[in-house]
Each structure stands twice: as structure tokens, then as C-alpha cells.
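Computed from heavy atoms alone, side chains included, the values below leave out hydrogens, waters and symmetry copies. In what follows, chains carry the letters A, B, and so on, assigned in the order in which the sequence lines appear, proteins first and then strands, with residues in each chain numbered from 1.
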Amino acid sequence: MIALIDCNNFYASCERVFNPKIENKPVIVLSNNDGCVIARSNEAKALGIKMGEPAFKLKNLIERYNINIFSTNFALYGDLSKRVMNVMSAEVDKMEIYSIDEAFLDFTDYASKERGIAIKKKVQQWTGIPVSVGIAPTKVLAKVAGYIAKKHTKAGVFMFNDEGLIRRALNVFKVEDLWGIGRKTAKKLKAVGIHTALQFRECDSNWIRRHLSINGVRLQKELYEEVCYPIEVTRKRKQNICTARSFGTEIKKLSKLKEAIGSHANTCATKLREEKSCCNSISIFLSTNPFKLQAKQYNPYKVIQLDVPTNDSMEIVKTAIKGLESIYRDDCIYKKAGVIVGRIVPQEQTQLSLFDSLDREKRKRINVAVDKINATMGKNKVKLAVQGNGRKWKLKQEKLSPCYTTRFTDILEVVI
DNA sequence: TCTGGGGTCCTAGGACCC
DNA sequence: TCTGGGGTCCTAGGACCC
């Protein structure tokens with residue numbers, strides 16, 4: 001048996017942990033640049049605020065209901081996530097961290113609703129984060145159980161313990177709410193009369209294989225309690241690493257774009273070194289504002305293949321800038337820029353080139369030193385000149401909460 | 001005025017090989 | 001004049017997830 005533990009309204013809940021004033025009040029968290037709603041407390045959901053809705057469209061609602069708004073504070077959410085995962089992992093032998101707010105726990109040894117309730121209580125008490133628990137024989141069914149736990153139970157814990165119960169639940173479970181069925185597939189299924197999870201389960205497998213993909217067949221099997229997605233304990237090496245941001249204000253000048261691309265490239269390089277990986281390709285992309293219909297649209301993308309795998313900041317930044325220069329056009333106004341490093345390999349398995357002229361040992365020592373300084377003194381204390389000092393392309397974050405757990409100056413003081 | 005960021009997996013089709 | 005069959009690898013694009 002597998003338990004899916006999912007944090008409720010995770011980012012909104014994180015904001016509440018150190019700010020009890022907003023308990024039981026509507027809370028929303030916005031994406032970068034304070035653009036869209038990416039998390040809502042139950043009270044905010046009840047007001048009809050939708051996921052992904054642009055913040056500017058909510059102005060009236062926000063004022064009328066006194067909604068508490070926050071810019072994303074990933075330092076806080078990342079740290080609280082770690083705490084939640086630590087509490088849960090101590091409870092089981094095997095656990096897979098699926099996302100920042102979800103994990104699959106192995107309940108094979110002993111599965112019961114009581115065990116779910118106990119873990120839920122402990123996480124709540126030790127971290128302040130509310131969770132819901134779905135327990136079932138497969139991941140897909142655990143997702144269904146988790147959904148039911150969150151929406152239809154008081155305890156926030158739900159377990160599938162017999163086929164009769166599974167069948168009854170699937171009969172009223174919408175097919176589009178299944179894990180792995182997105183908008184397009186749901187439309188396709190409804191067109192042939194499949195509206196519920198039960199109808200999907202009983203549908204002809206060959207049809208599913210033809211019209212969905214192999215994952216459609218796996219999904220179907222999992223609904224019949226056959227495990228196709230086992231719990232994966234070891235963290236896989238990332239295959240791609242992407243750093244991209246929209247600009248606070250739009251940019252036209254190449255020099256400013258260089259600062260942005262240079263910074264994103266440097267971030268990618270740092271992430272690569274954290275993963276102990278090297279990349280074989282560097283891609284960069286730009287995009288204009290797709291919402292400005294009258295403006296000229298231009299979304300170039302350039303991939304550069306490398307001869308020698310690298311995670312050296314200077315080399316990656318230099319290559320990215322070269323790519324930028326090759327796609328830049330001065331008659332467009334840009335809204336977003338990004339860098340992707342791909343074809344990633346473990347850093348100890350890199351293949352050298354006969355014609356390589358770089359002193360890689362020396363570069364490695366520089367990077368180690370820079371990483372060390374930035375880890376202890378603060379992000380970007382040491383950076384490359386091309387990253388600039390300009391704040392022009394930086395994010396808009398007007399409602400940022402304190403980093404209660406990761407910055408000394410932000411730690412709460414208790415006055416006795 | 002203002003519209004996010006970071007991933008994975010799968011498939012089709014092209015290029016190439018014998 | 002007639003022009004096969006079987007395979008691999010790579011990439012772009014689609015769909016999905018949180």
C-alpha cells in the first residue's frame with residue numbers, strides 16, 4: 001500500500017505558519033512579477049478566485065474582501081518543504097519526494113487510516129503545515145484517495161481498502177481529475193462518451209493504447225490495482241536545467257538582455273555544480289509579450305552544442321551570450337529570457353576533447369571558491385561582470401514576506 | 001498598466017546505416 | 001525497365017505534472 005501525503009494549499013499555508021493573523025482569512029500567493037495566482041487558501045477559493053488568474057483582474061475582489069496577498073517566497077517554501085519531508089521520512093522505510101508539497105510513502109508493512117492520521121497530526125504539530133493523506137494499492141489510486149480526503153472528509157485522510165469501495169468511488173470520479181489526464185485528453189475521452197474514472201477503467205485497452213499513449217494503459221492498470229509506477233527512492237539526476245524569468249519592465253537593449261541571459265546562465269551553472277553534473281548543450285531563448293497583440297512577436301530559440309561537457313560558469317555564460325548575440329533583433333521589445341542547459345551527464349563521467357584549450361583544473365578551483373563564498377556570504381556576492389548591477393530587468397515583488405527560517409535578520413523575535 | 005517557472009515522458013518523422 | 005526491408009539515433013513538438 002502507498003500513501004500520498006499532500007500539503008494543503010502549500011504556499012498559502014507556509015505564509016500562515018509565522019503569521020497567525022491571516023489564519024481563517026483569504027490568502028493568495030502570486031507568481032513571479034506578482035503576475036498570476038498560484039496558491040489560494042480555502043477562504044480565497046470560496047470567493048471564486050481561480051488558479052492562474054492574473055492578479056490585476058482581481059483588484060476589486062482583493063479590496064472588497066481584504067484578501068491577503070503575497071509575492072512568492074521560495075526560500076521560505078523550500079525550507080518548510082524540507083521540514084515536512086524530514087518529519088514524514090522518519091515515519092517510513094521508503095519515501096519518494098514527488099514535488100515541493102507531495103510525497104509517496106511506502107505503507108506496505110502496515111496500512112491503516114490511523115497511521116495516516118498519526119502522520120498528519122505530527123506534520124501539523126511539528127511544522128505548522130496541514131496535509132491530507134490518501135492511501136491505496138497504487139499511486140494513481142492514492143491520488144484519487146488523496147483527492148477524496150481533501151474534498152470530502154473531515155479527517156483529511158482516506159483509504160481504499162476493498163474493490164467495492166474503489167468501484168463506487170471511481171463511478172463518481174470525473175475522468176479529467178485523474179492523474180495524467182489533462183485538458184486535451186479529457187476532451188478526447190468525453191467525445192467518445194467516457195466521463196468517469198470507472199468508464200475509463202472499463203474501456204478497451206487497445207483503444208487507449210492507440211489514442212492515448214503507453215501511459216494511458218499504465219493509468220488504466222493502476223486503476224485495477226496493478227502497480228506500474230513503483231515508489232522511486234533514489235533521486236534521479238536532472239536531464240535539463242532551466243532558468244528563465246519575465247522582466248519587471250520590458251527590454252529592448254542588447255546590453256540589458258546580456259545581463260539577464262548572463263545571470264540566468266550563471267544560475268544554471270551553479271545548479272549544475274550542485275547536482276555534480278555537466279551539460280553538453282546550452283540553449284537560450286527570448287520572447288516578446290504575447291499579450292500585446294499589436295506588437296511584433298518574436299520568440300527565437302538557439303541551441304549550442306559543446307565539444308566538452310562543462311559546468312564552468314565562465315564558459316557557460318560566454319557561450320550563452322554568444323547565442324544571444326546571434327538571435328537578437330533590435331526591432332523587438334522583449335518580455336522574457338531564459339537559458340536551458342541540457343544533455344546532462346555526471347561530472348565524473350565527462351569525455352575530454354583532444355583539441356580542448358581550457359585549463360579546466362584551474363576553472364574548477366575558481367568555481368569551488370566562488371560557490372563557497374556565495375554559500376556563506378549570500379547569493380551572488382561574487383558574480384561575473386556581465387551580470388551587471390542593473391535592477392531594470394529584475395522581478396517585481398512588492399508583497400514579499402520575510403524569510404523567517406533562512407535569513408538571520410528575518411527571524412522572529414519573542415518578547416517576554 | 002498589469003498575464004509564472006521548472007520539469008518529464010512520449011511520438012512521429014527525418015537522416016542515416018547495412 | 002525494374003528499386004526492399006530492417007534497424008538506430010536524434011530532434012521537435014505535444015501533453016502532462018506541480
If you look at every strand shown and take non-hydrogen atoms under 4.0 Å, does Asp101(A) touch a base, only sugar-phosphate, or nothing? sugar-phosphate
Whole-Å P distance, dT3(B) and dC18(C): 26 Å
Any base atoms under 4.0 Å from Leu178(A), or only sugar-phosphate, or nothing? Heavy atoms, all strands. sugar-phosphate
Does dC18(C) have OP1 or OP2 sitting under 4.0 Å from an N or O in the side chain of Lys143(A)? yes
Here's a test of your reading of the structure: between Lys57(A) and Lys236(A), which maps to the more 5' nucleotide of DNA chain B? Lys57(A)
Check ion pair Glu275(A)-Lys238(A) (N to O, under 4.0 angstrom): yes
Measuring to OP1 and OP2 of dC16(C), would you say a side-chain N or O of Thr185(A) lies under 4.0 angstrom away? yes
Can a side chain N or O of Arg209(A) be found less than 4.0 Å away from OP1 or OP2 on dT11(B)? yes
DNA chain B: Arg218(A) or Pro54(A), which has the more 5' nearest nucleotide? Pro54(A)
Could you check whether Lys335(A) gets within reach of a base, just the sugar-phosphate, or nothing at all, counting any heavy atom under 4.0 Å? sugar-phosphate
dG6(B) OP1/OP2 closer than 4.0 Å to side-chain N/O of Asn240(A): no
Member of Asn19(A), Ile28(A), Leu76(A), Leu400(A) meeting the side-chain contact (heavy atoms from CB on, under 4.5 Å) criterion with Phe70(A): Asn19(A)
Is any side-chain heavy atom of Leu105(A) closer than 4.5 Å to a side-chain heavy atom of Ile2(A)? no
Any side-chain N or O of Ser213(A) below 4.0 angstrom from OP1/OP2 of dA15(C)? no
Checking Lys122(A), Lys121(A), Lys120(A) against Glu91(A) for salt bridge (Lys or Arg N to Asp or Glu O under 4.0 Å), the one that qualifies is Lys122(A)
